[in-house]
Amino acid sequence: MKIALFSAKRFDRLSFDAALPAYPGLSLTCLEPRLDAASAVLAAGFDAVCAFVNDDLGAPVLAQLQAQGVRLVLLRCAGFNQVDLKAAQALGLTVARVPEYSPHAVAEHTLALLLTLIRRTHRAHNRVREGNFELDGLLGFDLHGKTVGVIGTGRIGRCVVNIFQGLGCEVLVHDPVPHPEVTARYVPLDELLAASKVVMLQCPLNAATHHLINAERLARMPRGSVLVNTSRGAVVDTKAVIDALKSGHLGGLAIDVYEEEAALFFEDHSDEVLTDDVFARLLTFPNVLITAHQAFFTEEALAAIADVTLGNAAAFAAQGAPLHPVRGS
Ligand code: NAI
């Protein structure tokens with residue numbers, strides 16, 4: 001089976017090259033372009049494409065891939081909101097994903113973002129390097145004893161719950177499908193928002209969670225509370241968040257994902273004029289911390305992503321079905 005891996009970065013080459021010898025029937029070609037209507041032609045002659053979070057897997061691209069002979073779409077990520085699953089099913093394309101590679105990677109990055117934001121370590125680091133040892137402006141707050149809310153108690157959410165219970169927080173959780181192992185208290189969303197000093201999003205992006213955090217729900221959060229999003233950008237209405245930050249109602253925002261990240265993230269734009277005014281406004285706040293979709297980015301996660309992705313391809317080649325199909329495809 002021949003696989004075309006789109007949006008290939010150096011780290012993809014390294015992790016997939018390391019995993020490939022265990023799968024003798026597979027060959028892999030790394031392609032730098034992001035998968036979209038213009039680049040889909042590069043997949044001609046391949047049996048499968050391997051795509052990442054910001055590749056375009058809408059109906060027109062899927063139709064083009066299928067017409068060129070592609071039968072399998074291998075997502076090297078957990079989320080699958082970028083795929084038009086109805087179109088894939090209609091076209092007879094199988095979609096596979098990596099449901100779990102390291103939930104700890106994302107959960108630990110959630111903690112890293114929150115601690116950096118509320119203890120201002122990024123600002124302190126810059127000050128010390130400049131010879132400024134002033135503490136004004138660096139005041140933080142204890143997490144111990146605080147009530148924090150986790151929205152989504154799947155693989156990542158459960159790790160987050162454990163971490164924050166370990167820190168001595170009162171953890172409230174919300175999920176339409178409660179998990180029996182979670183010892184934190186499940187409460188309705190509005191109750192979680194009203195009670196939490198910190199709200200962390202660990203749910204997938206779908207029709208029900210699009211703009212889950214909007215102006216109305218932000219208003220329910222206590223003044224000065226903090227929002228952390230390491231799930232998907234569009235779970236949050238960014239313009240509403242900006243208004244809440246401007247008014248001072250929202251005390252801080254830490255994000256690893258952004259609604260319009262596809263135009264920005266994973267590339268070096270440092271020599272270009274930033275044309276996204278919403279993102280530009282976010283950058284102006286001293287109490288906003290942004291990383292560019294790196295929560296998954298650990299050695300352990302990359303190795304697991306490569307192995308599970310190639311395992312999906314090998315199973316499809318051998319039995320006609322991947323190990324981890326995406327439902328509906
Ligand atoms: P999972 O599928 O194990 O868990 C998701 C949980 O969210 C489930 O328990 C589900 O019932 C719950 N959920 C669904 N709708 C909800 C709603 N309306 N309100 C509250 N909870 C809801 O997924 P996992 O592995 O925990 O990942 C969660 C999300 O994190 C992924 O879908 C992906 O979007 C994001 N992610 C981000 C990464 C990053 O690098 N920033 C890396 C990996 C995942």
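Counting from 1, the numbers follow the sequence of the chain as shown. Both ligands and their constituent atoms are indexed starting at 1 by order of listing. Side chains are part of it too, since the values below use all heavy atoms of this structure and drop only hydrogens, waters and symmetry mates.
Salt bridge annotation for E32-R13: present, with a cationic side-chain nitrogen under 4.0 angstrom from a carboxylate oxygen.
For atom 5 (C) of ligand 1, the nearest non-hydrogen atom from the set P204, C159, A107 comes from P204. Closest heavy-atom approach to atom 28 (C) of ligand 1 within the set R158, R155, Q202: this belongs to Q202.
Judged purely by atom type and a 3.5 angstrom limit, D47 has no side-chain atom pairing as donor or acceptor with the backbone of V70.
Ligand 1 lies nowhere less than 4.0 angstrom from a heavy atom belonging to P103. Using a 4.0 Å cutoff on heavy atoms, F297 does not count as a contact of ligand 1. Ligand 1 lies less than 4.0 angstrom from a heavy atom belonging to P176.
Residue H174 approaches ligand 1 through these ligand atoms, each under 4.0 Å from one of its heavy atoms: 19 (N), 20 (C), 21 (N). Taking every non-hydrogen atom of G152 and a distance limit under 4.0 Å, the qualifying atoms of ligand 1 come out as 7 (O), 20 (C), 21 (N). Close approach to D256 involves these atoms of ligand 1, each under 4.0 Å from a residue heavy atom: 39 (C), 40 (O), 41 (N).
Atom 9 (O) of ligand 1 has its closest protein heavy atom at D175 OD2, 2.6 Å. Atom 33 (C) of ligand 1 has as its closest protein heavy atom R232 NH1, 3.6 Å. The single protein non-hydrogen atom nearest to atom 44 (C) of ligand 1 is I156 CD1, 3.6 Å, given as residue, atom name and distance.
Every residue was checked against the side chain to side chain donor-acceptor pair (under 3.5 Å) condition with T309, not counting sequence neighbours, and none meets it.
For the side chain to side chain contact (heavy atoms under 4.5 Å, CB included) test with D56, the passing option among D36, V83, L62 is D36; the others fail.
Aromatic pair Y186/H174: centroids not less than 6.0 angstrom apart.
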